[in-house]
**Student:** 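Can you read through this structure? Questions will come right after.
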Amino acid sequence: MKFFIDTANLAQIEEAQALGVLDGVTTNPSLMAKEGITGKDNILKHYVDICNIVEGDVSAEVIATDFEGMVKEGEELASLHPQIVVKLPMIADGIKACKYFSDRGIRTNVTLVFSAGQALLAAKAGATYVSPFLGRLDDISTDGLNLIAEIRQIYDNYEFDTQILAASIRHTMHVIECAKIGSDVMTGPLSSIKGLLKHPLTDIGLAQFLADYKKGN
Ligand code: E4P
């Protein structure tokens with residue numbers, strides 16, 4: 001399972017990268033705004049800065065909502081750096097743009113996916129990644145993990161190459177359950193990655209080992 005971090009915060013990306021388990025980064029316009037990155041030039045530079053920290057894929061989202069605008073913007077984003085994946089919204093023009101890019105070998109991430117039918121369309125359009133937002137489904141009392149399982153079954157039935165990128169991850173249990181289902185990727189906050197480290201018995205055991213060592217040395 002690949003681990004992506006879902007942030008535009010460079011310090012957090014560096015911290016996850018230093019841990020040695022990071023496979024990529026996802027961003028979105030809200031995450032960019034949260035870091036105070038505004039204006040086209042600053043946003044494009046920030047994507048390059050992120051690419052220079054990590055070795056894996058970096059999703060950069062288009063703002064246009066029409067086919068021509070998405071193609072223009074997506075081509076500009078893709079030309080920034082070989083690690084860039086063009087992130088497209090799950091709307092009709094987004095699917096058309098996804099097909100356009102996949103036909104030309106440009107990698108895509110279809111975002112804002114909330115149903116198995118949407119995920120099926122994204123795969124048919126040749127998406128590299130599909131991003132079901134499981135946390136936002138959980139927020140409205142709908143089982144987000146069930147959606148991940150449905151997409152896994154559909155993609156396996158037809159051997160689609162599209163990778164399931166479980167998004168809107170909120171905590172460690174989301175990560176673990178997605179891994180059990182067989183999600184290809186998860187993208188979450190740094191806390192969802194670092195949280196996997198924690199177990200009190202590890203801390204107790206290590207303290208005991210060190211204390212016993214001290215007794216004999
Ligand atoms: C995915 O690519 C999105 O950036 C993200 O996972 C959305 O998560 P949120 O629901 O926590 O905003």
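When a residue number appears, it is its place in the shown sequence, counting from 1. Note that ligands are numbered from 1 as they come in the structure, with each ligand's atoms numbered from 1 the same way.
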**Student:** Tell me, which protein residue and heavy-atom name are nearest atom 12 (O) of ligand 1, and how many Å apart are they?
**Tutor:**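 I find the closest protein heavy atom is R136 NH2, 2.8 Å.
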
**Student:** Please state which protein non-hydrogen atom is closest to atom 7 (C) of ligand 1 and give its distance, to 0.1 Å?
**Tutor:**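 Answer, as residue, atom name and distance: F133 CE2, 3.6 Å.
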
**Student:** Enumerate the atoms of ligand 1 whose separation from the nearest heavy atom of A167 is less than 4.0 angstrom.
**Tutor:**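 With A167 as reference, the close atoms of ligand 1 come out as 1 (C), 6 (O).
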
**Student:** K87: heavy atom below 4.0 Å from ligand 1, yes or no?
**Tutor:**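 Heavy atoms of K87 do come under 4.0 Å of ligand 1.
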
**Student:** Considering only non-hydrogen protein atoms, determine which one is nearest to atom 5 (C) of ligand 1 and report residue, atom name and distance to 0.1 Å.
**Tutor:**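 Checking every protein heavy atom, the shortest distance to atom 5 (C) of ligand 1 gives D6 OD2, 2.8 Å.
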
**Student:** Would you call K87 and E73 a salt bridge, taking side-chain N to carboxylate O under 4.0 Å as the test?
**Tutor:**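 Not counted as a salt bridge, because no side-chain N and carboxylate O are separated by less than 4.0 Å.
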
**Student:** With no hydrogens and no angle check, is any side-chain donor or acceptor of Q83 less than 3.5 Å from a backbone partner on V54?
**Tutor:**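 Answer holds: yes.
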
**Student:** Would you call R136 and D139 a salt bridge, using N to O less than 4.0 angstrom?
**Tutor:**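 No, R136 and D139 are not salt-bridged.
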
**Student:** With nothing but distance in play, are any N or O atoms of R170 less than 3.5 Å from an N or O of ligand 1?
**Tutor:**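 Min N/O separation from ligand 1 is below 3.5 Å for R170.
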
**Student:** Specify the protein heavy atom at minimum distance from atom 8 (O) of ligand 1: its residue, its atom name, and the distance to 0.1 Å.
**Tutor:**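 Of every protein heavy atom, S168 CA, 3.4 Å lies nearest to atom 8 (O) of ligand 1.
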
**Student:** Does this structure show an ion pair linking K2 with D184, if we count only N-O contacts that are shorter than 4.0 Å?
**Tutor:**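 No.
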
**Student:** Is any NZ, NE, NH1 or NH2 atom of the basic residue among K99 and D103 found under 4.0 Å from an Asp or Glu carboxylate oxygen of the other?
**Tutor:**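 Salt bridge present between K99 and D103.
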
**Student:** After noting the C-alpha distance and the side-chain angles of S102 and R104, does the key distance pass the side-chain hydrogen bond (donor to acceptor under 3.5 Å, both in side chains) rule?
**Tutor:** CA-CA 5 Å; S102 61; R104 287 158 182 78; over 6 Å; no

**Student:** Among all protein heavy atoms in this structure, tell me which lies nearest to atom 4 (O) of ligand 1, with the distance rounded to 0.1 Å.
**Tutor:**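 Looking only at protein heavy atoms, the one closest to atom 4 (O) of ligand 1 is N28 ND2, 2.7 Å.
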
